[in-house]
Structure formats: C-alpha cells, structure tokens
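This chain uses plain numbering: 1 for the first residue, then up along the sequence. Everything quoted here is computed from the prediction, not taken from an experiment. First listed ligand is number 1; within each ligand, the first listed atom is number 1. The figures here come from the full heavy-atom set of this structure, side chains too, leaving out hydrogens, waters and symmetry mates.
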Amino acid sequence: MSGSHRLTRRRLLITSAGGVMVPLIWPSAGLATTRAPGIPGKPGLRMLNSRPLNAETPAHLLDDVTTPTSRLFVRNNGNPPLEVDPGRWRLEVGGESCIRPRAFTLAQLKEKFDVVSLDLQLECGGNGRAEFRPRARGNQWTTGAVGCPRWTGVRLRDVLQYCGVKADGVYVGYEGADTHLSGDPNKLVISRGVPLAKAMEAESLLAFALNGEPMPMVHGAPLRLVCGGWPGSVSGKWLKTLLVRNRVHDGVKMGGQSYRVPCTPVAPGTQVADDAMCIIESMPVKSLITYPRSGQHIRAGARLALRGKAWAGDLRVDRVAVSYDFGRTWHQAELAQAPNRLAWQPWQIELKLPTAGYYEVWARATDELGRSQPMLVPGWNPKGYLNNAAHRIAVAVG
Ligand SMILES: Nc1nc2c(c(=O)[nH]1)N[C@H]1C(S)=C(S)[C@@H](COP(=O)(O)O)O[C@H]1N2
Ligand SMILES: [Mo]
C-alpha cells in the first residue's frame with residue numbers, strides 16, 4: 001500500500017436505469033480479483049460456477065485481436081464427457097430432411113472437405129445478465145462471456161450438401177456428448193440449432209481446432225459447431241449428431257423460456273407465456289473497452305490511449321464513439337476491419353482528458369443498419385438475455 005498512486009478500494013454508486021443504483025467498483029468492476037480456485041490454463045478468468053463450469057473473462061484480458069484460448073470464456077450447461085478419443089469419434093448426420101444419412105470420422109471430414117480457419121466471435125446470449133432488475137436467475141455474467149478466437153474446421157454447408165438436404169429442410173439441430181447434471185444418461189444437456197440459411201453460410205463451421213491446437217476439452221473436443229454472431233448456445237460442443245429438420249428444431253433448450261425473449265417488449269418483472277417468446281437469432285451490436293483496465297491512473301496532461309473491440313452479430317460495425325463526460329460529447333474512434341465476416345473489430349482512440357480528476361469513459365458502437373448500443377440495460381426479459389448496454393470504465397487523471 002506504499003505506492004503513492006495505489007488506489008483505494010472505494011465503491012462508487014452510480015444511478016442508472018429507473019433510479020437503480022449500479023455499483024461501479026473502483027479500481028475495477030470486481031473482475032480484478034479471481035476467486036479461488038482458478039481454472040487450469042485460464043489464469044485471471046472469473047469463475048461463476050464450478051459445476052457446471054462457467055467462467056468469464058475480465059474486459060482487460062480481451063485486448064488481443066484474436067482471443068487466446070487461455071482467455072476464452074467457458075459456458076457449460078452440463079458435464080463435459082470424461083474422455084474423448086478423436087481417432088474413434090463419429091459425427092452422425094441425419095434427421096428427417098437429410099437425403100443420405102451417414103457418419104464421418106474426423107479424418108474423413110478433413111479429407112473430403114475444404115479445411116478453413118476463421119476468427120469468429122462467440123458470445124453467450126446471457127452475457128450482461130447480472131445487470132437486469134428484477135434479477136434474472138442463472139449465471140450472473142457481467143461483460144465477459146464473449147471472445148473471438150480462431151477456429152479451424154470444415155464448412156457445415158459442405159457436409160450438409162454432401163449428405164443432401166430435402167426440399168422441406170428448414171433447420172439444423174445438434175446433439176453433443178456432454179452429460180446431464182442429474183446423472184441421467186438418457187437426458188440430453190442441450191440440443192439447439194440454427195435455421196438452414198444460417199447453417200449454409202460460408203462461416204458456419206464444424207471446428208476441430210482452436211487457435212491452431214486440437215480443440216480443448218472444455219471447448220468441445222474433438223469437434224464442435226461454430227455459428228458466429230448468434231447466441232453461443234447454437235455452437236454445440238462435443239458434437240455427435242447433426243439433424244436436418246423439416247421444422248424448427250425442438251431439442252432441449254429450444255422451447256419454453258430458454259434462449260428466447262418476449263416477442264413484444266414487456267415491463268420489467270412480467271411473467272411471459274412460453275408461446276409469447278421468440279428464439280434469439282443474430283446478437284445485437286456491442287463493444288468493450290479492453291485497454292486500459294478500469295481503475296487506471298494517468299498523469300495530468302498525458303493522453304489516454306484507449307483500445308477495444310466491437311461486434312454486431314451477423315452485421316458489421318459501422319462506427320464506435322467514446323465519451324468521457326457522461327455522454328455530453330462523443331469522439332469517433334478509429335475502427336478496423338474484421339479479418340473475416342463475423343469476427344469482432346478492434347477500435348482505438350487517443351483522448352486528452354481536460355483536467356485532473358475522476359472520469360468515466362464510455363464506448364458505444366453502431367451497426368451498419370444505424371442501430372447503436374443503449375446506455376442503459378435494454379429490454380428486460382425473464383432470463384436476462386441480450387444486454388448490450390455500453391461498457392464503461394473509470395480513469396483517474398493526476
Ligand atoms: N454440448 C454443449 N454445447 C454447448 C453448451 C453446452 O453446455 N453443451 N453450451 C453452449 C453455450 S450456452 C455457449 S455460450 C457456448 C460456450 O462455448 P465455450 O464454452 O467454448 O466458450 O457453448 C454452447 N455449446
Ligand atoms: Mo450461452
């Protein structure tokens with residue numbers, strides 16, 4: 001505690017939506033300290049749950065253009081399989097709208113189809129859930145259930161075309177090899193999917209490698225689906241089965257309140273009937289400030305170099321603006337192109353904060369259709385999905 005610029009831990013209360021007091025913890029939004037025990041291979045991630053394992057990444061650890069595996073969040077709904085043998089793994093493709101059902105080994109997938117590598121952003125539909133009031137049950141993700149690593153695999157569409165899709169095919173569902181928390185071997189953990197049009201996009205992958213290494217167990221070894229820009233739950237891990245469906249896939253967590261939001265806006269706290277809920281598809285525009293870490297001290301007169309990431313589901317980000325005066329004035333950041341479609345876009349800006357003192361820095365992205373991030377938590381929904389409110393950090397000058 002001797003360093004003169006060592007910050008005191010002081011909790012600042014900031015009034016947010018509807019007069020709710022939202023704490024912004026100084027020096028950082030509670031993410032600086034990892035609660036023991038840590039996750040092997042993922043230092044600095046914040047564990048939300050150990051069984052099943054759920055862990056998020058503090059914003060300042062998402063500063064890389066391509067997210068390293070050590071900094072990729074983990075979201076498990078059940079228990080990963082205990083062991084997998086990539087040499088014996090079979091992917092079965094079937095379903096009522098599949099013309100030629102068949103099984104593939106990993107070697108066959110690699111040999112029959114083009115192998116491609118893409119940076120694809122993956123964000124949990126519940127990222128930001130912690131801020132909803134009334135609270136939504138489930139993992140209390142703050143900002144860190146997102147990442148954009150490099151995936152290597154074959155295109156889902158090549159495999160689907162090889163097997164043939166009947167004229168009535170509309171949806172592709174997945175099943176994985178993870179096991180239900182109840183221990184019941186007959187219960188699937190999760191079985192979601194995407195409409196055929198999303199499945200047929202060039203970026204929808206069956207991935208066997210992550211950042212150039214064989215797929216790690218927690219991320220779905222040896223094979224997983226990756227459909228960037230949609231809620232992470234469509235990107236099935238430990239992929240055993242693909243089902244080409246002639247209706248909207250009706251697997252576990254496709255119906256009810258799971259990964260669905262009210263079809264029309266509701267007042268906070270409303271109980272919404274299942275049949276008034278709609279499936280989440282493309283995720284909304286969002287951004288993070290990844291440098292500096294919240295709680296930074298800078299010298300009086302020094303410029304503040306800021307960096308971050310912005311993404312917009314299936315769309316491109318058009319612009320990112322930054323404010324250090326609570327939204328009175330905005331400054332346009334420099335926004336980079338993504339390396340490929342459905343990858344997040346790095347942005348940066350240098351600011352000169354006018355006087356000594358305490359500042360909050362806000363970042364706000366706008367997608368190519370002109371839709372911006374809200375400053376406050378948007379669209380309350382029963383399960384706390386789709387919070388794309390602007391990210392903010394605290395900075396002290398002098
Ligand atoms: N088989 C299976 N696939 C799954 C899940 C799961 O629990 N089981 N979780 C999903 C959810 S909700 C998300 S957000 C992503 C998380 O991927 P990650 O753990 O590799 O970050 O995987 C998805 N795929
Ligand atoms: Mo998720």
Open item on the list: Is it the case that the side chains of Ser323 and Asp325 hold a donor-acceptor pair, with the cut-off being a distance below 3.5 Å and no angle test?
Closed with: yes
Task: Listed partners of Phe208 passing ring-ring contact (aromatic ring centres under 6.0 Å, His included), at least two apart - done: none
Check ligand 1 for N or O atoms under 3.5 Å from a protein N or O and list each pair with its distance.
{"unit_1": "ligand 1", "atom_1": "1 (N)", "unit_2": "Asp178", "atom_2": "OD1", "d": "3.1"}
{"unit_1": "ligand 1", "atom_1": "1 (N)", "unit_2": "Asp178", "atom_2": "OD2", "d": "3.2"}
{"unit_1": "ligand 1", "atom_1": "1 (N)", "unit_2": "Lys237", "atom_2": "O", "d": "3.1"}
{"unit_1": "ligand 1", "atom_1": "3 (N)", "unit_2": "Lys237", "atom_2": "N", "d": "2.9"}
{"unit_1": "ligand 1", "atom_1": "7 (O)", "unit_2": "Asn77", "atom_2": "N", "d": "2.7"}
{"unit_1": "ligand 1", "atom_1": "7 (O)", "unit_2": "Asn77", "atom_2": "ND2", "d": "2.9"}
{"unit_1": "ligand 1", "atom_1": "8 (N)", "unit_2": "Asp178", "atom_2": "OD2", "d": "2.6"}
{"unit_1": "ligand 1", "atom_1": "9 (N)", "unit_2": "Arg75", "atom_2": "O", "d": "3.3"}
{"unit_1": "ligand 1", "atom_1": "9 (N)", "unit_2": "Asn77", "atom_2": "ND2", "d": "3.2"}
{"unit_1": "ligand 1", "atom_1": "17 (O)", "unit_2": "Arg224", "atom_2": "NH2", "d": "3.3"}
{"unit_1": "ligand 1", "atom_1": "19 (O)", "unit_2": "Arg75", "atom_2": "N", "d": "3.0"}
{"unit_1": "ligand 1", "atom_1": "19 (O)", "unit_2": "Lys237", "atom_2": "NZ", "d": "2.5"}
{"unit_1": "ligand 1", "atom_1": "20 (O)", "unit_2": "His219", "atom_2": "ND1", "d": "2.7"}
{"unit_1": "ligand 1", "atom_1": "20 (O)", "unit_2": "Arg224", "atom_2": "NH1", "d": "2.7"}
{"unit_1": "ligand 1", "atom_1": "21 (O)", "unit_2": "Phe73", "atom_2": "O", "d": "2.7"}
{"unit_1": "ligand 1", "atom_1": "22 (O)", "unit_2": "Arg224", "atom_2": "NH2", "d": "3.4"}
{"unit_1": "ligand 1", "atom_1": "24 (N)", "unit_2": "Ser235", "atom_2": "O", "d": "3.0"}

Task: Cation over ring face, Arg307 and Tyr291, 6.0 Å, 45° - done: yes
- [ ] Using the side-chain hydrogen bond (donor to acceptor under 3.5 Å, both in side chains) rule, pick out the option among Trp344, Trp311, Trp230 that qualifies with Glu123.
- [x] Trp311
Open item on the list: Using a strict SG to SG cutoff of under 2.5 Å, would you count Cys98 and Cys163 as disulfide-linked?
Closed with: no
TODO: Please say which of Asp119, Leu206, Leu118, Leu210 ends up in a side-chain contact (heavy atoms from CB on, under 4.5 Å) with Trp151.
DONE: Leu210
